[in-house]
Trainee: 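Let me give you the structure first, and then I'll get to my questions.
Letters go in sequence order (proteins before strands), and every chain restarts at 1.
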There are 2 protein chains.
Amino acid sequence: MQRSLLIAGAAFAALGLSGRAALADEGLWTFDNFPAAAVKAKYGVTIDKAWLDRVQHATVRLSTGCSASVVSPDGLVLTNHHCILDCAQALSTPEQDYIKSGFIAANRREERLCPGVQAEILTSILDVTDRIGAAVAGKTGPDFVKARDAAIAAIEQEGCAGKTAILRCQVVTLYQGAQYKLYAYRKYADVRLVFAPELATAFFGGDPDNFNFPRYDLECSFVRLYENGQPVKTPDHLRWSAAPPTDGEPAFIAGDPVPTQRADTADQLSFIRSIQLPQTLLRYSELRGRLTRFKEEGPEQARVATDKLFNIENRYKARYDQLLALNEPGFIEAKREADLALKAKVEADLGLKAAVGDPWSEIAQAQNVYAGLYAAYDLLEDAPATGSDLYSWARALVRAAAERQKPNGERLADFTDSRLPLVEKEVVDAKPVDLTLEQLELEFWLTKVREYLTADAPETKLMLGKDSPEELSKRLASSRLIDPAYRKQLWDGGQAAIEACDDPLIRYVFTTDPAARALRRAYEARVAGPVEQAQARLAKARFAIYGTSVAPDATTTPRLSYGKIAGWTAHGQTVPSFTYFKGLYARATGQPPFQLTQRWIDAQPKLNPTTVFDISSSTDLFPGNSGSPLINARGEVIGAVFDGNPYMLGGAFAYDARLIRAVSVSTAAITEALEKVYDDRGLVKELTAR
Amino acid sequence: MQRSLLIAGAAFAALGLSGRAALADEGLWTFDNFPAAAVKAKYGVTIDKAWLDRVQHATVRLSTGCSASVVSPDGLVLTNHHCILDCAQALSTPEQDYIKSGFIAANRREERLCPGVQAEILTSILDVTDRIGAAVAGKTGPDFVKARDAAIAAIEQEGCAGKTAILRCQVVTLYQGAQYKLYAYRKYADVRLVFAPELATAFFGGDPDNFNFPRYDLECSFVRLYENGQPVKTPDHLRWSAAPPTDGEPAFIAGDPVPTQRADTADQLSFIRSIQLPQTLLRYSELRGRLTRFKEEGPEQARVATDKLFNIENRYKARYDQLLALNEPGFIEAKREADLALKAKVEADLGLKAAVGDPWSEIAQAQNVYAGLYAAYDLLEDAPATGSDLYSWARALVRAAAERQKPNGERLADFTDSRLPLVEKEVVDAKPVDLTLEQLELEFWLTKVREYLTADAPETKLMLGKDSPEELSKRLASSRLIDPAYRKQLWDGGQAAIEACDDPLIRYVFTTDPAARALRRAYEARVAGPVEQAQARLAKARFAIYGTSVAPDATTTPRLSYGKIAGWTAHGQTVPSFTYFKGLYARATGQPPFQLTQRWIDAQPKLNPTTVFDISSSTDLFPGNSGSPLINARGEVIGAVFDGNPYMLGGAFAYDARLIRAVSVSTAAITEALEKVYDDRGLVKELTAR
């Protein structure tokens, strides 16, 4: 099937975004506002509080940007392979490449720490909307941002006071600022790898098949939560279903989708289409080219670049599919009509009009400002040096040292007390880095700074001086930050250590950080602040008209969605709900990325060819749901979500139940593969409690 | 200055595209319809027939896609450095790298043949509109395309009958098919390199400064036309001005700009913005990344990849600037208003309405079809294997053999009798290729076929079978086509030789060509045919309303434009018209691409710091004008056009005299550099007739 969303645009338009009323199966719902009545009415199944609580307490957020679920009483957690790819890369050596061979812990002593990874489980939700509202009353622009961030920092600090070793508090902004809730998570900083198949098996079909279906991927892995050196006891786990679901049965997804923009105005989408996505995609594309060539330079280059190339290709394709959606004829126009329809409703209500004003124009104006600011803000402040671990450590060290000197409420949001422990863990955990690869990433980034801002921009002159990106990146990549002990020493040494440090990368970040911070302030004062305030009023209008019958946009926090096991029909072709083991063998060509590992070739006679392998379901989802449990009405895990079909990314802006599908690997396939391909009876026993 | 067209969109909109009446200085005019009266009225200078004839006969089209001018009585031709970059690359060896060192022929015996390069000078223009009109009367779709192409082939054959050794005939479609003219060119197949500076001097500032101004580039080279082993006598050459122009004086550009799309409808521009440019840019970007990394693998890799990387970066930036223009808020909307205004005028005239119909809807419909066809058509038929010389030779050999068996009128347009000699020259001329680089390009292309069409598309299955792009490209790059004698043998052997040939690349192209041809037929039947017919009616409507007071869109054929020496003001900043030698030294950093060669460092004391180096002028232009002479009112050459400012590429869709600027290197700078940096007194003497 050609990757084209032509039909989707028409469908989105036909479905009438104008209402923003809940569409069939739409919604990434919070656990405290799940539409159980709608599910009951549509699917005839009862989702009660016990069901919701159990699923909430078994749903895990990983700091790698993934979701997961607890699937045994001993802290065993199911997630995707690509969610632990960085971990497998970090644990590998030239002699023992777990990405190629897979990782199978023969027993718990062999389970190995994933550096920088933290797991979090949501334990409580508290509404703090009024408190934030009081703190920001009458404030605008940078004052508004400052007051709000200070209030958030204070609430997070109080919420977890005395329990920060095991809890993490996070104030979550819902409905574009119409609601604020304090989420408390039980956190686990010791996450160990238990089982990972070979990348060739987990990601069979590779990039060509990514974001698509049918698929034949054992896209799973298992990790285990530890505390004090022992596996964590997890009575609230999901029961494992070794049997596959049936076509059409209800299917739920719990997890932490990254932010969607379904409530954005047409002007915001135009900005994304015209500025943000083209710039991001073009940069990812070139970096992808550099990494691809690097990978072909030799076997060791191929090994060390695997996760970085995977990450960039995955991000690239996700955003490419979003661009396709926004470029659909009629898509943005339909959003504009929806904006105008809502505006007409507001203007028809004098009280509402007085309270809401004209947020649409304010947002449009801010987009124009953002267009002029975007390249510099993105390259210097928001996403500098894409992929470089050394740079991200240096940035975190320099900023943490400076921010820790300030009162909690006045710090950059990433460095408040509630967030510092994870930042520290990510900086100091041991993780191998390849210096040639780091230099490649730094050089690429510096060439883009010069290209997008021009050689004559003050930012470029600051970042490069009389240097070329090629020479400067070589110096920066000679940083001693490669040594975790040195990073720990700098972290502990604070501002004095940073100021005294002569490491070239630390010095570079220290010198250039004021320019990056200035861009952040400009962005907050001229874009984010005005947009957030306008959006909050817009959200009030939506609230007044639609209430909470519409789910809030996703915010990388725990959500629950519902739908059913279903394929789809597009361009006159119907794609069925399931693939089977036999399809894997039929699709294999003997060449990567369609190459079977020897294990799977050997196991073929033992495997049931009609075992359900991967599953398509209409359950609403978005990236960040990777690793999420696919759950049946009985609350059993029946799969691990790992992808969507080509329409899924358009779900950033609008959901269409006729086209958007979640793609999961079935627990039935995982069970059979563990037994017959990997001979891992211990894991099967733990999962099935047989 | 940030590369942003924000102001341009507003300007284009304000200028009111709606009229399509001639804007100030707008127009890439044909030599037989130059608006001398308008020039007289505006600038007070007289451009008479003698002036026009002389300039026409001194203007050269190079088969490298560039323009040039004859500047001495002995066939000496001025063009850009980047127009002979491929030639310099082809003449270089690991021991003698002319791209690095420059090329200076000490005498005529040292002047060296540029492989595959042909020069053409327009000698006559004949209107053949009625004859084509009679041939296509009553025909539509593929029948229309076939009848028109047959008529064109016949006219071209008759026009040059008996003189094909020295003439080339070309039927040119003007005003979207409202006019057809037969152009006859004197052709020169023996073009030799005379002088080229170092790339570091010609392209000082490199990609970061490309498509911008101020510039400090000696972006020139000289070639000489030969015939029968002797320099061609060229009495109709342009006089060389060793003095620079003055600010504000009139300045003309003659040359062969590639097709513009100023008469396109809003729906065509939407297609370009949403489908064509994003796909093309993303592919160029990734290939750029692969080539960049390849180039860094070693000095010999750096040497052999220089022209390929330059070409891809140049194309990339050109299209990126076009995307910026189309993404300007209001740009396409202004075009749509212009469409509606014209439509209203047509509908107000019953006779016109009957003759014109509704071409806008027909064009819109064809764009929808094109959207579904574009990726396959572009990747397999229109631009396969970007950059690969081996592939382009194989394709030409396979197709030429098949097409030569058919009557002239039934062949693919690229293989009619009037075009075959140049195709043959491009195939059989000796040119070195680097097999690793060829493999890289072929592999990249095959991965994109799989990515854009998906692994399951019939086209992908045909192109890859069970192979991976990595393995298949290795086999294809083992082709014997690297040997020019072998290519000559296959060319001469025709269809029998191709069918008997066991070369892997010839076999591959032979096997996959039917699929590529099928895509071409589908494109012609469903997109090009309907669009061309609708455009011809649209052009009739424009003709009826505006006449020839508007210039036709450019078509890579000789054009003449006028304007004046001028800088511009945007974003509150004024950019002056000239740069000077002293600016080069001020901008040098010691690091590429801002690094001076030793020659220029040594010459600094001898050079006049206030010599005009590069020039900005408001003269209308478009890519393909690279190498064009910049001409003063006296008909003297005062510069060689080599670029435009960042707004120039928006000129694809609309011209704005307030913003769009041509960038040229001055003949004053060339003269002084030849004397004082390169010590090439012979060339100076020939140019200045001193």
Trainee: Which region of A/Phe444, side chain (C-beta onward) or backbone (N, CA, C, O), has a non-hydrogen atom less than 4.5 Å from a non-hydrogen atom of chain B, or is it both or neither?
Mentor: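 Answer is neither: A/Phe444 stays 4.5 Å or more from chain B.
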Trainee: Is B/Leu440 in contact with chain A via its backbone, its side chain, both, or neither, using a 4.5 Å heavy-atom distance?
Mentor: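 When you check distances to chain A, only side chain atoms of B/Leu440 fall under 4.5 Å.
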Trainee: Checking side-chain contact (heavy atoms from CB on, under 4.5 Å) for the pair B/Phe294/A/Glu297: CA distance, chi angles, key distance, verdict?
Mentor: CA-CA 9 Å; B/Phe294 175 87; A/Glu297 286 169 10; over 6 Å; no
Trainee: Among B/Pro278, B/Ser270, B/Gly205, B/Gly289, which residue forms the greatest number of heavy-atom pairs with chain A at distances under 4.5 Å?
Mentor: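 Looking at each of B/Pro278, B/Ser270, B/Gly205, B/Gly289 in turn, B/Gly289 comes out on top.
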Trainee: Find the distance between CD (B/Glu313) and CD (A/Glu286) and round it off to the nearest 0.5 Å.
Mentor: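 So the CD of B/Glu313 and the CD of A/Glu286 are separated by 7.5 Å.
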Trainee: Between B/Ser468 (side chain only) and A/Gln591 (backbone N and O only), is there a donor and an acceptor less than 3.5 Å apart?
Mentor: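 Side chain of B/Ser468 to backbone of A/Gln591: no pair is present.
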Trainee: Select one option (side chain, backbone, both, neither) describing which atoms of A/Asp467 are under 4.5 Å from chain B's heavy atoms.
Mentor: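 Both backbone and side chain of A/Asp467 come within 4.5 Å of chain B.
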Trainee: Taking every non-hydrogen pair under 4.5 Å, which of B/Thr447, B/Thr292, B/Leu287 racks up the most with chain A?
Mentor: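 Top option by heavy-atom pairs under 4.5 Å: B/Thr292.
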Trainee: Nearest 0.5 Å, please: how far is CZ in A/Arg293 from NZ in B/Lys295?
Mentor: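 The CZ atom of A/Arg293 is 14.5 Å from NZ of B/Lys295, to the nearest 0.5 Å.
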Trainee: To the nearest 0.5 Å, what is the distance between CZ on A/Arg450 and CZ on B/Phe594?
Mentor: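 One finds 5.5 Å between CZ of A/Arg450 and CZ of B/Phe594.
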Trainee: Can B/Asp456 and A/Arg587 be counted as an ion pair, charged N to O under 4.0 angstrom?
Mentor: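 Looking at B/Asp456 and A/Arg587, the cut-off is met.
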Trainee: Counting only heavy atoms closer than 4.5 Å, note whether A/Lys448 contacts chain B via side chain, backbone, both or neither.
Mentor: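 Contact with chain B is through the side chain of A/Lys448 alone.
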Trainee: Contact part of A/Gln595 toward chain B, heavy-atom cut-off under 4.5 Å: side chain, backbone, both or neither?
Mentor: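 Contact with chain B is absent: no heavy atom of A/Gln595 under 4.5 Å.
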Trainee: Please state whether the side chain, the backbone, both or neither of A/Tyr316 comes within less than 4.5 Å of a heavy atom of chain B.
Mentor: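 For A/Tyr316, side-chain heavy atoms alone lie under 4.5 Å from chain B.
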Trainee: Evaluate the side-chain contact (heavy atoms from CB on, under 4.5 Å) criterion for residues B/Leu282 and A/Leu281: first the C-alpha distance (whole Å), next the side-chain angles of each, then the deciding distance (0.1 Å), finally the verdict.
Mentor: CA-CA 7 Å; B/Leu282 290 168; A/Leu281 278 166; 3.7 Å; yes
Trainee: Using a strict 4.0 Å threshold on nitrogen-to-oxygen distance, state whether A/Lys317 and B/Glu451 make a salt bridge.
Mentor: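 Looking at A/Lys317 and B/Glu451, the cut-off is not met.
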Trainee: Does the pair B/Arg288 and A/Arg290 meet the rule for a side-chain contact (heavy atoms from CB on, under 4.5 Å), with working shown?
Mentor: CA-CA 8 Å; B/Arg288 178 190 188 182; A/Arg290 292 193 185 208; over 6 Å; no
